[in-house]
Novice: 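Quick one: the structure is below, and I'll ask about it shortly.
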Amino acid sequence: MTEVKRISVLQPLYGTEVELVGEDGQTEPYRIAAEFEIGGRAYAGLQTREMRKNDETAFFRISVTAGSEPELETIDDEDEWELAAEAYDDLVFGGGETP
């Protein structure tokens, strides 16, 4: 597996939570569970309060453009999403095994 590196892009700007706007136009707070880099791309693992209860995590690609705030992009590619999920497991649970 490609090397996974912890990064800190969102937390210095937003603290421990970010608010995302859903399809219904409502905002919902997400806890920043982890930020990491794989193969030169940055990702974030985010959780709502409900997701934490169900041990679920949403993954987003972090896009950084010079002179602007970072943006979170949906990961549409299934292989990329799996790569981000495995990297998150390695960082949070160690060795890719979930408890």
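For the numbers below, each heavy atom of this structure counts, side chains included, while hydrogens, waters and symmetry mates do not.
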Novice: Kindly give the heavy-atom pair with the smallest separation between Ser63 and Glu73, and that separation in Å.
Specialist: CB-OE2, 3.2 Å
Novice: Is the shortest distance from a Lys or Arg side-chain nitrogen in Arg41 or Glu80 to a carboxylate oxygen in the other one below 4.0 Å?
Specialist: yes
Novice: Is there a path of hydrophobic side-chain contacts, each under 4.5 Å between heavy atoms of I, L, V, M, F, W or Y residues, that connects Val4 with Phe59?
Specialist: yes
Novice: For Ala87 and Ile38, which heavy atoms make the closest approach, and how far apart are they?
Specialist: CB-CD1, 3.3 Å
Novice: Do Leu20 and Ile75 share a hydrophobic cluster (ILVMFWY, side-chain heavy atoms under 4.5 Å, transitive)?
Specialist: no
Novice: Between Thr65 (side chain) and Ser68 (backbone), is there a donor-acceptor pair under 3.5 Å?
Specialist: no
Novice: Between Glu35 and Tyr88, do the side chains contain an N or O donor and an N or O acceptor separated by less than 3.5 Å?
Specialist: no
Novice: Out of the candidates Arg31, Arg52, Glu56, only one should pair with Gln47 under the side-chain hydrogen bond (donor to acceptor under 3.5 Å, both in side chains) rule; please name it.
Specialist: Arg31
Novice: Quick one: do Val92 and Trp81 end up in the same hydrophobic cluster if we chain Ile, Leu, Val, Met, Phe, Trp and Tyr together by side-chain heavy atoms under 4.5 Å apart?
Specialist: yes
Novice: Can a donor-acceptor pair be found, under 3.5 Å and without considering hydrogens, that links the side chain of Asn54 to the backbone of Glu50?
Specialist: yes
Novice: Between Leu91 and Leu83, is there a shared hydrophobic cluster once you connect ILVMFWY residues whose side-chain heavy atoms come closer than 4.5 Å?
Specialist: yes
Novice: Does Tyr30 form a side-chain contact (heavy atoms from CB on, under 4.5 Å) with Met51? I'd like the steps, not just the answer.
Specialist: CA-CA 9 Å; Tyr30 283 74; Met51 292 172 79; 4.0 Å; yes
Novice: Between Tyr43 and Phe36, how do the two ring planes meet: parallel, tilted or perpendicular, split at 30° and 60°?
Specialist: parallel
Novice: Kindly work out whether a path of hydrophobic side-chain contacts (I/L/V/M/F/W/Y, heavy atoms less than 4.5 Å apart) joins Ile32 to Phe60.
Specialist: yes
Novice: Working to the nearest 0.5 Å, report the span between CD of Glu17 and CG of Leu46.
Specialist: 10.5 Å
Novice: Ignoring hydrogens and geometry, is there a side-chain-to-backbone donor-acceptor pair from Arg61 to Glu71 under 3.5 Å?
Specialist: no
Novice: Is any side-chain heavy atom of Leu10 closer than 4.5 Å to a side-chain heavy atom of Pro70?
Specialist: yes
